[in-house]
Q: 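Before I ask anything, let me first share the structure, which is written out below as structure tokens.
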Amino acid sequence: MLYNAEIAGKVAEYLLQIKAIKIQPSQPFTWASGWKSPIYCDNRVTLSYPDIRAFIKESFCSLIRDRFSNAELIAGVATAGIAQGILVAEGLKLPFVYVRPEAKKHGRGRQVEGEVQPGQKTVVMEDLISTGKSALAVLQPLRNEGCKILGVAATFDYGFETAVENFKKNDCRLYSLSDYEHLLRVALRLEYIQPHELETLRAWRLKPEKWGETV
């Protein structure tokens with residue numbers, strides 16, 4: 001679910017401006033999943049731009065104050081959610097942990113790095129939501145440590161139906177700062193894309209796993 005339409009437009013504009021998001025329907029990208037995509041998103045680029053980084057941090061802080069007002073712990077999804085999670089935890093003066101994809105094979109064998117108090121109300125920070133699997137995968141390790149999950153906050157959400165279903169199945173709330181529909185509106189207004197490309201770009205979002213077969 002989108003947090004705020006005005007913030008969504010501004011974040012989308014920033015992501016396009018610094019090329020954290022690239023849109024090129026005529027020269028599709030190939031994702032790690034093998035899907036062909038007219039868009040590539042790397043929100044970590046925002047960390048190199050102090051003003052944009054600060055805007056995103058403050059927007060997340062507002063989101064969490066409004067939607068997860070009883071939060072006691074911020075948890076970052078490794079690796080992209082770590083830096084943003086630390087910034088937000090600092091802004092809210094809350095403790096921070098991060099979750100590895102799997103437990104370490106050496107040392108203490110930890111998957112959740114940092115100190116957790118049993119029962120802590122936790123917000124998970126994620127960079128990008130496609131299917132939602134990477135964010136949802138950290139819920140159980142956090143629960144194993146005693147966390148009470150309030151929900152997930154993400155910078156950008158593609159709005160895939162499979163992600164909606166996955167979050168619903170896991171009974172987990174999701175809020176994003178920006179999403180695909182706001183991105184397209186801003187990209188069209190600023191002429192990053194042309195009107196004739198909208199149909200292709202919207203068709204991709206509806207069936208991303210099939211889109212490459214017709215491009």
Side-chain angles (χ1 to χ4, degrees), residues 1-33 35-49 51-63 66-67 77 80-81 83-84 87-88 125-135 151-167 173-212 214-215:
M1 182 183 295
L2 192 71
Y3 168 55
N4 176 287
E6 185 177 346
I7 288 174
K10 194 64 180 173
V11 169
E13 184 175 339
Y14 280 145
L15 295 177
L16 288 165
Q17 176 187 316
I18 63 175
K19 297 183 172 58
I21 285 183
K22 296 181 181 180
I23 306 175
Q24 46 187 64
S26 61
Q27 295 178 291
F29 300 95
T30 301
W31 287 2
S33 62
W35 289 1
K36 295 292 183 183
S37 170
I39 178 173
Y40 188 78
C41 183
D42 182 5
N43 296 328
R44 288 167 290 197
V45 176
T46 62
L47 298 170
S48 299
Y49 294 84
D51 290 344
I52 295 173
R53 184 179 70 210
F55 179 82
I56 290 173
K57 180 194 78 170
E58 289 305 322
S59 297
F60 269 128
C61 289
S62 295
L63 185 163
D66 290 348
R67 299 293 186 262
V77 178
Q84 198 60 252
L87 291 169
V88 171
M125 299 291 303
E126 178 62 296
D127 177 62
L128 175 69
I129 300 294
S130 51
T131 63
K133 288 183 179 178
S134 62
V152 174
T155 305
F156 187 84
D157 180 8
Y158 286 115
F160 295 151
E161 187 59 35
T162 184
V164 174
E165 292 171 2
N166 285 338
F167 275 88
R173 290 192 291 163
L174 166 67
Y175 288 97
S176 65
L177 296 185
S178 194
D179 61 13
Y180 190 64
E181 192 56 39
H182 279 80
L183 176 75
L184 293 187
R185 289 179 203 167
V186 171
L188 185 63
R189 174 171 59 83
L190 298 178
E191 299 184 345
Y192 283 88
I193 59 173
Q194 299 304 311
H196 70 271
E197 296 175 303
L198 275 177
E199 184 178 351
T200 295
L201 289 164
R202 286 187 168 133
W204 169 78
R205 192 190 67 80
L206 293 176
K207 290 189 177 179
E209 72 281 5
K210 300 288 185 183
W211 184 81
T214 59
V215 172

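Worth knowing before you read on, the calculation uses all heavy atoms, side chains too, and leaves out hydrogens, waters and symmetry mates.
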Q: As a quick check of understanding, evaluate side-chain contact (heavy atoms from CB on, under 4.5 Å) for Asp127 and Val77, giving each step before the final call.
A: CA-CA 8 Å; Asp127 177 62; Val77 178; over 6 Å; no
Q: Using every non-hydrogen atom in the two residues, find where Phe60 and Gln84 come nearest and quote the distance to one decimal.
A: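 That closest heavy-atom pairing would be CE1-CG, 3.6 Å.
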Q: Working to the nearest 0.5 Å, report the span between CG of Leu206 and CH2 of Trp211.
A: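 So the CG of Leu206 and the CH2 of Trp211 are separated by 13.0 Å.
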Q: If I compare all heavy atoms of Phe156 with all of Leu15, which pair ends up nearest, and what's the gap?
A: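 So the minimum-distance heavy-atom pair works out to CD1-CD1, 4.2 Å.
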Q: Please find the pair of heavy atoms, one from Glu197 and one from Pro25, that lie closest to each other, and give the distance.
A: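 Where Glu197 meets Pro25 most closely, the heavy atoms are OE2-CG, 3.4 Å.
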Q: If I compare all heavy atoms of Ile21 with all of Ile23, which pair ends up nearest, and what's the gap?
A: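 What the structure gives for the nearest pair is CG2-CG1, 4.1 Å.
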Q: Is there a side-chain contact between Ile129 and Phe160 in this structure, where contact means two heavy atoms from C-beta onward sitting under 4.5 Å apart?
A: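 Not touching, per the 4.5 Å side-chain cut-off.
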Q: So, using side-chain hydrogen bond (donor to acceptor under 3.5 Å, both in side chains) as the criterion, who are the partners of Glu126 when residues are at least two apart?
A: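 Counting only residues at least two positions away or on another chain, Glu126 forms a side-chain hydrogen bond (donor to acceptor under 3.5 Å, both in side chains) with Ser134.
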Q: Which distance, rounded to the nearest 0.5 Å, do you find between the CG of Leu128 and the SG of Cys41?
A: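 The distance works out to 4.5 Å.
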Q: Please assess Lys22 against Phe29 for the test side-chain contact (heavy atoms from CB on, under 4.5 Å), listing each intermediate value before the final yes or no.
A: CA-CA 10 Å; Lys22 296 181 181 180; Phe29 300 95; 3.9 Å; yes
Q: Are the side chains of Leu201 and Tyr180 in touch, meaning some heavy atoms are under 4.5 Å apart?
A: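 Result yes, sub-4.5 Å side-chain heavy-atom pair found.
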Q: Nearest 0.5 Å please: distance from the NZ atom of Lys10 over to the NE2 atom of His182.
A: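 The distance works out to 14.0 Å.
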Q: Distance check, rounded to the nearest 0.5 Å: Asn166 atom CG versus Glu161 atom CD?
A: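 The CG atom of Asn166 sits 10.0 Å away from the CD atom of Glu161.
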Q: When rounded to the nearest 0.5 angstrom, what is the spacing between CZ in Arg185 and CG in Asp179?
A: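 Answer for the CZ-CG pair, Arg185 versus Asp179, is 7.5 Å.
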Q: Check whether any side-chain heavy atom of Leu184 sits under 4.5 Å from a side-chain heavy atom of Arg202, and report yes or no.
A: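 They are in contact (side-chain heavy atoms under 4.5 Å apart), so the answer is yes.
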Q: Locate the shortest heavy-atom distance separating Ser178 from Ala8; write the atom from each residue and the value.
A: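 Result for this residue pair: OG-O, 2.8 Å.
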Q: Not counting sequence neighbours, which residues clear ring-ring contact (aromatic ring centres under 6.0 Å, His included) with Phe167? List them please.
A: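 Residues passing ring-ring contact (aromatic ring centres under 6.0 Å, His included) with Phe167: none at all.
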Q: Any chance you could lay out the salt bridge (Lys or Arg N to Asp or Glu O under 4.0 Å) test for Glu13 and Arg189, step after step, and finish with the verdict?
A: CA-CA 10 Å; Glu13 184 175 339; Arg189 174 171 59 83; 3.8 Å; yes
Q: Start with the C-alpha distance between Trp35 and Tyr158, add both sets of side-chain angles, then the distance that settles ring pair (Phe, Tyr, Trp, His ring centres under 6.0 Å), and finish with yes or no.
A: CA-CA 14 Å; Trp35 289 1; Tyr158 286 115; 9.2 Å; no
Q: Measuring only between side-chain heavy atoms, which start at C-beta, is Trp204 closer than 4.5 Å to Lys36?
A: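 A side-chain contact under 4.5 Å is absent here.
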Q: Nearest heavy-atom pair of Leu47 and Arg53: which atoms, and what distance?
A: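 Nearest pair, atom of Leu47 first, then Arg53: O-NH1, 2.9 Å.
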Q: What distance do Leu183 atom CG and Leu188 atom CG have between them, rounded to the nearest 0.5 Å?
A: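 Nearest 0.5 Å value for the CG-CG distance: 11.0 Å.
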